Amino acid sequence: MHSEQKHPKSNWEVYFGTFWSHSGSDHAGTERSVGRYFYWDREEWIIPSIYSCSDGLVIDFIKKISIDSIRHFTDKWHLNSGSSDEDFSDEQLVSIQLDNPLVIEIRPEIILNGKTQPCSNSCSICWNPLLSENKGDKIHAVIEHYHLDPSFGWAVCRSSFPWRNGEHQICSLSVQIQPEPQEIPGPHFHVNASGSQFSFIYSPTGTRHTLTVQEYTAEQIPKELSNDTNRESPSYVTIMGYTIHPALPPHCLTLSDCAGSDKPRIIHVKTPKNPESCTESDIIGGADGPTAIFLSKPDASKHILYAASSAHFQPVMDVEWRMTFHEQLKSDICVDLI
């Protein structure tokens, strides 16, 4: 990458908060090349430039990915240009997201003139060299503007940082980058009554924890909540109230039903041949995909957490639950820019 090269403004304009397109009246940001290269957990990263806009700073964070790691990922999951989410279970999609080297999920903040300012919004795109056609002109513009080698994979996160108290002068600037927590598939288990227990190990600490069921009931969602008179939706869910000992850190675990919800059923009203005769209703299977219901409402007084199963037309008490852990897999990093 040639960081000092000037680029035609007509071919490359960056605006605050609008990311890859622009329809407002504000002016494009002024580019300042920083050309900062760094390694983060054995990954090669680049912050090529910052952009000073009227409302704040825009920074591009770029991760370089080898074609071998992309090929290993696609071969492992048998992915091709025709693959879609419908080819995989929800749990498989979690694992695919975790394995995907082209994913970039960060939570950056800047330290401008000694004062910390969080990111207001971000957007990501990627370049996959194994695809004959990478979708959209936006990633092509990034590759061309920063002179990135198209034989590698590139994940790009563009983030906006509002000016703090109208401060536009940059005397010093660094970025603190925190990885977003990742979803990690956990064990499956069955419980069917209050008092049932399940023991598991929380991998970040290696500590064994015990989930104890405090409440286990089937409840029906009020049908009046649905405004669709042409379809009948499944209304029975199994509610589980549980405690975990020793307690886990907040927001590090979710529980969900391994089975999907029943599909809504279309209610077809036949038109009688004799207008005076009674109508007859038939219920047939709908084409809509399954829906899922997830519930988490901590009970502060009893330290009880709650989870809800998928929805069904009949109560289902023998639910196969699955755990999903939310873990930060690498440490924060601070990079000086100016």
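Just so you know, these numbers use all the heavy atoms, side chains as well, and skip hydrogens, waters and symmetry mates. It should be emphasised that the depicted structure is a prediction, and the values quoted were computed from it without experimental measurement.
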Can you find a heavy atom in the side chain of [X] that is under 4.5 Å from one in the side chain of [Y]?
X: Lys63; Y: Ile65; answer: yes
X: Leu98; Y: Leu329; answer: yes
X: Gln92; Y: Ser89; answer: yes
X: Tyr51; Y: Leu57; answer: no
X: Arg322; Y: Thr324; answer: yes
X: Ile62; Y: Trp45; answer: no
X: Phe189; Y: Leu255; answer: yes
X: Asp332; Y: Ile177; answer: no

Closest approach of [X] to [Y] (non-hydrogen atoms, all atoms of both residues):
X: Cys126; Y: Ile139; result: O-CG1, 3.5 Å
X: Pro162; Y: Pro118; result: CD-O, 3.9 Å
X: Asp149; Y: Ser151; result: OD1-OG, 2.8 Å
X: His209; Y: Ala247; result: CE1-O, 4.1 Å
X: Glu31; Y: Ser49; result: OE2-OG, 2.7 Å
X: Met323; Y: Leu253; result: CB-CD1, 3.7 Å

If you group Ile, Leu, Val, Met, Phe, Trp and Tyr by side-chain heavy-atom gaps below 4.5 Å, do [X] and [Y] land in one group?
X: Phe88; Y: Leu102; value: no
X: Ile201; Y: Leu248; value: no
X: Ile59; Y: Phe38; value: yes
X: Phe152; Y: Val103; value: no
X: Ile111; Y: Val58; value: no

With sequence neighbours left out, write down each residue that passes side-chain hydrogen bond (donor to acceptor under 3.5 Å, both in side chains) with Glu105, or none if nothing qualifies.
-> Gln97, Gln182
side-chain hydrogen bond (donor to acceptor under 3.5 Å, both in side chains) assessment of Gln328 paired with Gln178 = CA-CA 9 Å; Gln328 184 173 312; Gln178 179 183 23; 3.2 Å; yes
Phe313 ring centre to Arg265 NZ or CZ under 6.0 Å, with the angle to the axis within 45°?
-> yes
Under 3.5 Å donor-acceptor, [X] side chain and [Y] backbone:
X: Arg36; Y: Asp336; value: yes
X: Trp154; Y: Pro129; value: no
X: Ser160; Y: Gly17; value: yes
X: Thr74; Y: Ile70; value: yes
X: Asn113; Y: Cys171; value: yes
X: Trp127; Y: Pro150; value: yes

Stepwise side chain to side chain contact (heavy atoms under 4.5 Å, CB included) check, Leu112 with Ile170 | CA-CA 7 Å; Leu112 175 62; Ile170 303 176; 3.9 Å; yes
Ring centers of Tyr146, Trp12 separated by less than 6.0 Å =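 Centroid separation for Tyr146 and Trp12: below 6.0 Å.
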Among His72, Arg71, His78, which one satisfies side chain to side chain contact (heavy atoms under 4.5 Å, CB included) with Asp75?
-> Arg71
Could you give the distance from [atom1] ([X]) to [atom2] ([Y]), rounded to the nearest 0.5 Å?
X: Asp85; Y: Leu93; atom1: CG; atom2: CG; answer: 5.0 Å
X: Phe161; Y: Cys53; atom1: CZ; atom2: SG; answer: 12.0 Å
X: His312; Y: Ser233; atom1: NE2; atom2: OG; answer: 13.5 Å
X: Ser122; Y: Asp60; atom1: OG; atom2: CG; answer: 10.5 Å
X: Tyr216; Y: Ser309; atom1: OH; atom2: OG; answer: 7.5 Å
X: Arg164; Y: Lys115; atom1: CZ; atom2: NZ; answer: 6.0 Å

Please check if any side-chain donor atom of [X] sits under 3.5 Å from a side-chain acceptor atom of [Y], or the reverse.
X: Glu215; Y: Tyr242; answer: no
X: Asp68; Y: Ser66; answer: no
X: Thr116; Y: Glu109; answer: no
X: Asp99; Y: Trp77; answer: yes

In a table with atom names and distances, give each donor-acceptor pair under 3.5 Å that connects a side chain of residues 191-198 to protein atoms at least two apart or in another chain.
residue, atom, partner, partner atom, Å
Ser194, OG, Gln214, O, 3.1
Ser196, OG, Ala193, O, 2.9
Gln197, NE2, Thr212, OG1, 3.0

Does the pair Glu91 and His188 meet the rule for a side-chain hydrogen bond (donor to acceptor under 3.5 Å, both in side chains), with working shown?
-> CA-CA 11 Å; Glu91 190 168 18; His188 295 198; 2.9 Å; yes
Quick one: do Ser159 and Phe61 satisfy side chain to side chain contact (heavy atoms under 4.5 Å, CB included)? Show the steps, please.
-> CA-CA 8 Å; Ser159 300; Phe61 301 86; 3.9 Å; yes
Salt bridge Glu43-Lys330, side-chain N to carboxylate O under 4.0 Å |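 Looking at Glu43 and Lys330, the cut-off is met.
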side-chain contact (heavy atoms from CB on, under 4.5 Å) partners of Ser331, counting only residues at least two apart | none
His168 atom NE2, over 12 foreign heavy atoms within 6.0 Å =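 Counting other residues, nucleotides and ligands, NE2 of His168 exceeds 12 neighbours.
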Are His326 and Thr254 close enough, and set up right, to give a side-chain hydrogen bond (donor to acceptor under 3.5 Å, both in side chains), and what steps lead you there?
-> CA-CA 8 Å; His326 304 267; Thr254 56; 3.2 Å; yes
Ring geometry between Phe325 and Tyr202 (parallel below 30°, tilted from 30 to 60°, perpendicular above 60°) |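 It falls in the tilted class, 30° to 60°.
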For the pair Arg208 and Phe200, evaluate side chain to side chain contact (heavy atoms under 4.5 Å, CB included) and give the outcome as yes or no after the intermediate values.
-> CA-CA 6 Å; Arg208 181 171 293 276; Phe200 64 95; over 6 Å; no
Between Trp163 and Ser52, does a side chain to side chain contact (heavy atoms under 4.5 Å, CB included) hold up when you go through it step by step?
-> CA-CA 10 Å; Trp163 295 116; Ser52 181; 3.4 Å; yes
